[in-house]
Amino acid sequence: MNEQFRVFATCDIGEALHLLRNKGYEVEVYPQPEPPPKALVVEKVRAGIDGLITTLRDKIDAEVFEAGKGTLKVVAQYAVGFDNINRADANRYRIPFTNTADVLTEATAEFAFFLMGAVARKLWSAEHLTRENKWGYWHPYLPFLGDEVTGKTIAIIGTGRIGLAMIKKCTGFDMNILCYDPAYQNEAYVRKIQEVLNLRHAHGISPERNWIKYVFSIEDAIRHADYVSVHVPLLREGESPAPTYHLFNERTLRMMKPTAFLINTSRGPVVDEAALAQALKENWIAGAALDVYEEEPLPAGSLLRDPAIEDRCRLYPHFASAGRITRLSTDPNKGMAGRCVQGLIDVLEGNYGGDPAEMPYVVNKEAFGK
Ligand code: GLV
Ligand code: GLV
C-alpha cells in the first residue's frame with residue numbers, strides 16, 4: 001500500500017491519471033483547457049503536493065521549487081522539450097524532473113515530413129482553389145505549380161531522436177541528406193542510412209545513389225539544401241556552449257537558396273520570426289512551414305499572418321505530437337501520458353533503488369549522481 005501521494009496536474013492528460021488514482025494517489029487537475037496562472041501553481045505546490053504534472057505552457061523555476069521546499073519531490077513534464085523548466089534551479093533544489101522523450105519521436109518526425117510536402121506542393125492553396133470554386137480549368141502550369149520533394153536535398157538541423165527519425169522518412173523519398181548538429185553527431189546511424197541508400201540503388205528501387213553526410217557548419221548544411229528541417233532543443237545563451245536561440249536569423253536565412261523551404265517543428269524561438277517574415281516577403285526563400293512560435297498561441301498581430309505571404313507560409317498550432325496514441329496512450333512505451341505518469345511514479349515510489357540518476361525518464365540526472 002502506498003502512502004497517499006498528492007499530485008497536481010496543470011492540465012488533464014486523460015486516462016493515465018486514473019492509473020495514479022487507482023494506486024490511491026490523490027490527484028487534482030486544473031479543469032480549464034488553458035494553462036493555470038503561475039500563482040496558482042505556486043499555491044498548489046506550497047500546499048504540500050508531492051508531485052507536479054506540467055506541460056510546456058507552465059514556467060517552472062526557483063519560485064515554484066522554493067514553494068515546494070521539503071515537500072515537492074518531482075516535476076513530471078508532459079513533453080520531450082523542457083525549456084519551460086529552469087534546469088539550474090531544479091538542480092539547486094535537487095528536484096528531479098522527467099520528460100516524455102521517445103514516444104513522440106515518430107509522430108513529430110512524420111508531421112515535419114508532412115509539413116514539408118504541404119508547403120512545397122501547395123496543398124493549402126490548391127485546396128482553396130477547389131473549395132472556393134476558383135478551379136476554372138486543368139492547365140500545365142496555371143495558376144501555380146509546386147515543388148517536388150522526391151530526389152531533393154534536405155538539411156537536417158539537429159540529429160537527436162527526432163532528427164534521426166526524419167532522416168529515416170526522407171530515405172523513402174530518395175532524398176540526399178545533409179546533417180548538422182551543433183552538439184551531437186551520430187556517425188554510426190548516418191553510416192547505416194548510407195548502406196540503406198546504397199542498397200535501394202543497387203536493387204533498382206532508387207534511380208540515383210543517394211547520399212547522407214554530416215557537415216560541420218550550419219552554412220555547409222543550409223547553402224545547398226532544398227529543404228531545411230529543424231530538430232534542435234531550445235537552448236538560450238548561457239544554457240549551453242552551443243545555444244540554439246535564433247539559430248535561424250537574417251544571416252542564416254540569407255544563406256538558404258531562394259528556392260528552399262524551412263520547416264520548424266522544434267521550438268519557436270530557434271527562428272527569428274521577424275527575419276523569417278521578411279525572408280518570405282522579400283523572397284529570400286521559397287516558403288516555410290511552422291508548428292511552433294516565439295509566442296504561443298500565435299498572437300493576432302504576428303507578422304507571419306501577413307496575407308502577402310499566406311501562400312508560402314503554413315502555420316500549425318504546435319500539433320506535431322498530436323496523434324491519439326502519442327498523446328494519450330497509458331502505455332509508457334507508446335504515449336506521452338503513460339510515460340509522464342510512469343516518470344512521476346518512479347520518483348515517488350522510489351523505483352530504481354530510489355536513485356533519480358538511474359531512472360530512465362529523469363532528465364536532470366546530473367543533480368543526483370554520487
Ligand atoms: C512538444 O513540443 C514536446 O516537447 O513534447
Ligand atoms: C494527370 O492527371 C495525368 O493524367 O497526367
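Read the numbers this way: they start at 1 and go in the same order the structure lists the ligands and their atoms. Note: hydrogens, waters and symmetry copies are ignored here, and every other heavy atom, side chains too, is used. These figures come from a predicted structure and were not determined experimentally.
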Go through the side-chain N and O atoms of Ser206 and Asp174 and say whether any donor and acceptor fall under 3.5 Å apart.
-> yes

Report, in ascending order of atom number, the atoms of ligand 1 lying under 4.0 Å from any heavy atom of Leu104.
-> 5 (O)

Of the backbone atoms (N, CA, C, O) and the side-chain heavy atoms from C-beta on, which set of Leu56 has a member under 4.0 Å from an atom of ligand 1: side chain, backbone, both, or neither?
-> side chain

Can you spot which of Asp331, Val80, Leu104, Asp102 makes a side chain to side chain contact (heavy atoms under 4.5 Å, CB included) with Arg339?
-> Asp102

Is there a side-chain contact between Tyr245 and Glu294 (heavy atoms, below 4.5 Å)?
-> yes

Counting each atom of ligand 1 from 1 as listed, which ones have a heavy atom of Ala79 under 4.0 Å away?
-> 3 (C), 4 (O), 5 (O)

Is the Phe173 to Phe113 ring centre distance short of 6.0 Å?
-> yes

Is there at least one pair of N or O atoms, one from Val80 and one from ligand 1, spaced under 3.5 Å apart?
-> yes

Just let me know how Thr100 lines up against ligand 1, side chain, backbone, both or neither, with a heavy-atom cut-off below 4.0 Å.
-> neither

Identify the closest protein heavy atom to atom 1 (C) of ligand 1: which residue and atom is it, and at what distance?
-> His318 NE2, 3.4 Å

Polar atom proximity, Arg267 to ligand 1 (N or O, under 3.5 Å) | yes

Should we say atom NZ of Lys334 is surrounded by more than 12 heavy atoms from elsewhere, each under 6.0 Å from it?
-> no

Is Lys38 salt-bridged to Asp58, cutoff N-O under 4.0 Å?
-> no

